[in-house]
Every structure is written in C-alpha cells, then in structure tokens.
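For reference, the structure is listed below as structure tokens.
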Amino acid sequence: MRLYEKEKRMRAACPERDFVCFDEIDSTNTYLKANISPSMPVAVADRQLAGRGRQGRSFFSEGGVYFSVPFVFDSGEKYISFLTLAAGLAVSQAISELCSADTLIKWPNDIYFDGRKICGILCESVVSGGTVTVIAGIGINTGAAAFPDDISSRALSLADAGFAVDGEKLVCSIVRKLDSFVYIDKITSGDSPGVGRIVSELNRLSYTVGRRVTYAGREYTAVRIERDGALILASEDGHEERAVWGEVNISQ
Ligand code: BTN
C-alpha cells in the first residue's frame, strides 16, 4: 500500500527529492530497478518481503527503515564504487547527529554499533540509454527487532541499544548527506577537495582499519582506506595489497 501522507511529509522535509513510500514491498532496490527513468524518486518501505543483501544473501527487513536512493551518472563516470563508501558515511553521520549513537563502518559499508551490525547497504547499477543509474539501498535496524536465530548474535537495532530515532528524519538526513557528497563534494569525480575530507572520515570511523581480517581466503591486517575507496591490506611479511571489491571478515 502507498503511504501518501508520509510521501508528503518527506517531500516537505527534503524538497530536492521525490519520495514513494510503501508500508511493505518486496524490495525497494528491486522496485527502482524495475522503474528506471531520468527522474526517479527515493523508494521507502516500513517492511520488505524479499529484502536483498550483498552476495545474493537475504536481508532481514522488519522493524526498521528500508530505502533506496537513485543517482544517474554518465556511463563513463569513474569512481562510482565510491558511492558505496559514501553511503556508509552518510548513515553513520546521520545516526550520530540524530540520536548520538557512535557507529563505525565495516569496509565497505556495513554500519556497526557495539560490535554488531545495525545497517546494511547494497549498491546496484543499471546501465540504459547512455547513462548508469546507481541505486544505493540502505536498511537500518531502528526499532525493536526479533532477528532470526542465525543473525541474532551479530545484529542489533538502535532501539535495542537504547537509542530512539525518527525513521523519516533519519532517511531525509541520509539522503541529504549523500546528495551533498555526490553533487557538492563531487565524490564520483575522484579529484575534488571534498574527497580527501570524506576519506579521512571513513578512516576515522572505520571498524576495519587496524584489525586482523581475512580477504579472499588469506589473513591480513587492514591498514587504511585509500582515496579511491580501496582497502589496503598488509600481509604477514608487510607486503601491501588493495581490496577493491567484495568484503572482509574480521578475525579479531
Ligand atoms: C547487506 O547487508 O548485505 C546489504 C543489505 C542492504 C539492504 C537494503 S534495504 C533497502 C534495499 N532493498 C533491498 O532489498 N536491499 C537494500
């Protein structure tokens, strides 16, 4: 069901964007991917029936906020993967401002509080008619959550951690921050001065940097995030490698 009153409130709070809001939907990313157009709304749902995570996993989608933010680029645009990292930073900053919870970002873009995941991000792209539409899909565990057994020891909600937050305000704040990273800081062009500031924040708020991790089946120490968003990993002998895709597992 469409939530027209909620759409009106969100447009009023964030007039630079259009919003389409549902009580439940299969997946906000899937919805936008099926409705590609030059001027797409942000899709928001209270619940997803088939929420999707990275690497083909499902994403538990009850009791939180689930939304997808579209960005249209020229197909030649570089550094689109950096949007993935910027989305994590936008979430972490918005949560800090709206409910004073200090979260960390597990590279590339899971948001952690107290060692447990409170938010997942799935960026997908669709190429059509000479443009690429990148859809930044974000799911945040805001309300009290009855997580399934297989994730209950690793997942956490803001409510369960003692933080109350207004979901609509949170979505608007994140959308605005992401828009500012893309259109003012020009993160997708890679060489603007704003990129350095964002990368420095990503390193400061990183849950991964400084930890032992496994990546592609090998053990490393995560050293830093570079300007292009790559995670630099040092092996036992000090040799450095760049992780640019996939995810790392934290060993300790
Ligand atoms: C992950 O943790 O692996 C990524 C989870 C991404 C979930 C969000 S919720 C909104 C959007 N719609 C989806 O189906 N997935 C993303």
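Atoms within each ligand, like the ligands themselves, are counted from 1 in listed order. For the numbers below, each heavy atom of this structure counts, side chains included, while hydrogens, waters and symmetry mates do not. Throughout, numbering of the chain's residues begins at 1 and tracks the sequence.
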Ring geometry between F163 and F113 (parallel below 30°, tilted from 30 to 60°, perpendicular above 60°) | perpendicular

Residue pairs meeting side-chain hydrogen bond (donor to acceptor under 3.5 Å, both in side chains), one or both in residues 115-127, sequence neighbours left out, come to N29-E124, K33-E124, R52-E124, D110-K117

Heavy-atom nearest pair, N203 first then I225, reads OD1-N, 2.8 Å

For each nitrogen or oxygen atom of ligand 1, which protein N/O atoms lie closer than 3.5 Å, and how far apart are they, rounded to 0.1 Å?
unit_1	atom_1	unit_2	atom_2	d
ligand 1	2 (O)	K117	NZ	2.5
ligand 1	3 (O)	R54	N	2.7
ligand 1	12 (N)	T28	OG1	3.3
ligand 1	12 (N)	Q48	OE1	2.9
ligand 1	14 (O)	S27	OG	2.7
ligand 1	14 (O)	R52	N	2.7
ligand 1	15 (N)	R52	O	2.7

Set of side chain to side chain donor-acceptor pair (under 3.5 Å) partners for D179, sequence neighbours left out | R17

Answer whether the closest heavy-atom distance between the side chains of E240 and R224 falls below 4.5 Å.
-> yes

Report the hydrophobic cluster partners of V20, with the cluster defined as I, L, V, M, F, W, Y residues connected by side-chain heavy atoms closer than 4.5 angstrom, directly or transitively.
-> F22, I25, Y31, L32, I36, M40, V126, I135

